[in-house]
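Because the structure is a prediction, the values reported are computed rather than measured.
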Number of protein chains: 2
Amino acid sequence: MASTPARRVSSGERINIAAEPGRLEAELGRRGIRLTRQRRILLRIIETAPEHLNVEVLLEKAHRADARLNRVTVYRTLDLLKRYRLVDELDLLHLRGHQHFYETHGPRDHIHVACLACGKVREVESELFDRLKRQIERDCHFEITVARTEIGGYCASCRSRS
Amino acid sequence: MASTPARRVSSGERINIAAEPGRLEAELGRRGIRLTRQRRILLRIIETAPEHLNVEVLLEKAHRADARLNRVTVYRTLDLLKRYRLVDELDLLHLRGHQHFYETHGPRDHIHVACLACGKVREVESELFDRLKRQIERDCHFEITVARTEIGGYCASCRSRS
DNA sequence: ATAGATGCAAATATTTTGCCGCCAG
DNA sequence: CTGGCGGCAAAATATTTGCATCTAT
């Protein structure tokens, strides 16, 4: 039996699927969490980022809006968002050092496919991945709250080039 | 159509599937890599570890055989093994800090299913996971060399307890 | 008014590098 | 013998904590 082909959500740069401006702010507000000036700045950046953000880049971007916003606040805000499952933390197979990357947690889980040669990261959705998760929930009597698949290898262009 | 049920490779502690004593040493030897006293110690520990090792634990265990074996040597040996794809590096969803865990790379990829409450990590093999990888290779014209799936949530016993 | 957030400095954790003497092959 | 390897110290990178002050509600 054949499955639906994998849907390539983005090629190269990341498309922010869940990009509804103000969504993160609304989610936190709904939960009665204090919305400070610093948090609003960070949330906006995270929501609209066209790529996967690391702490360094997030801080840089934040500094354009407020030069005094502290790196610690970035860490603390990311922790907050992780706790509420509003962002996912990735390491993209440590392609570039041991830092982590963050992205808004969209409506559907996707797989990260990273080329070890050119560094491009594709996001792919697949029905098989959803089935895999359901299978594990069923067979292991497990309730899944986080699922992360990161795949490394060589993309079509890098393969043809070599 | 139904798929083969997920095969639970281990429950709780890790079963070292690829545990053939001397396999790592043989693999390195076959590649003409120098086998030092320190490497032999580390390889043996990695091969026979009943659980996922981090650098700290690996160093501790190594110190029982040689108290002078340095932490840097542990990092360098793990790098070597990673480069030759003889071990996999996991972060187990940062269940316990931002350290990494290492395991011998067995004949078949498996999924790590980690309970966020009790911390137990199960290894699960699934035909669906293999199909997912093949699908990505086909649909994205991508050559996969590393594949890592880490799933977090709550296991049966922790769910019934709450 | 006040619980909770931020900034700053310092501590901690994790990984990498430079260099020199040593040892496996 | 000798080129790669390990030990040591130090640097680099990444993240967390303590505390005084400030601010969103």
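Contact between the side-chain N/O atoms of Tyr75(A) and the OP1/OP2 oxygens of dT15(D) is found at a separation under 4.0 Å. Considering only side-chain N and O atoms, Thr36(A) lies under 4.0 angstrom from the phosphate OP1 or OP2 of dT6(C). Distances shown here put a side-chain N or O of Thr73(B) below 4.0 Å from the OP1 or OP2 atom of dG7(D).
Asp91(B) places its CG atom 15 Å from the C1' atom of dT15(D), with the value rounded to the nearest Å. Note: CZ (Arg39(A)) to P (dT25(D)) measures 10 Å, nearest angstrom. Separating the CD atom of Gln38(B) from the P atom of dG21(C) is a distance of 18 Å, rounded to the nearest angstrom. The distance between atom CG of Leu59(B) and atom P of dG7(D), rounded to the nearest whole Å, is 10 Å. As rounded to whole Å, 15 Å separates atom P of dA14(D) from atom CG of Leu53(A). Distance CZ (Arg34(B)) to P (dC5(D)): 6 Å, rounded to an integer number of Å. Atom CD of Gln99(A) and atom P of dT16(D) are 15 Å apart (whole Å). dG7(D) atom C1' lies 8 Å from atom CZ of Arg76(B), rounded to whole Å.
A donor and an acceptor atom, one from each side chain of His98(A) and His98(B), are nowhere located under 3.5 Å apart.
Comparing atom distances between the Asn70(B) side chain and each of dC8(D), dT16(D), dT15(C) picks out dC8(D) as nearest. Looking at the side chain of Asp79(B), the nearest of the listed nucleotides dT16(C), dC5(D), dT16(D) is dT16(C). Candidate nucleotides dG7(C), dT16(D), dG7(D) were compared by shortest atom distance to the side chain of Asp66(A), and dG7(C) ranks first.
Judged by distance alone, with hydrogens and angles left aside, the side-chain atoms of Glu137(B) form a donor-acceptor pair with the main-chain N or O of Ile144(B) at under 3.5 Å. The closest donor-acceptor contact from the side chain of Gln135(B) to the backbone of Ser126(A) lies at 3.5 Å or more, if one exists at all.
Other residues, nucleotides and ligands contribute more than 12 heavy atoms inside 6.0 Å of the CZ atom of Arg31(B).
Nearest-nucleotide positions on DNA chain D for Arg68(B) and His98(B) put Arg68(B) closer to the 5' end. Comparing Ile33(B) and His100(B), the nucleotide of DNA chain C nearest to each residue sits closer to the 5' end for His100(B). Projected onto DNA chain C by closest heavy-atom contact, Glu89(B) and Thr77(A) fall at different nucleotides, the more 5' of which corresponds to Thr77(A).
One cannot find a donor-acceptor pair under 3.5 Å joining the base of dA24(D) and the side-chain atoms of Arg37(A).
A cation-pi contact, defined as under 6.0 Å to the ring centre and within 45° of the axis, links Lys133(A) to Phe129(A).
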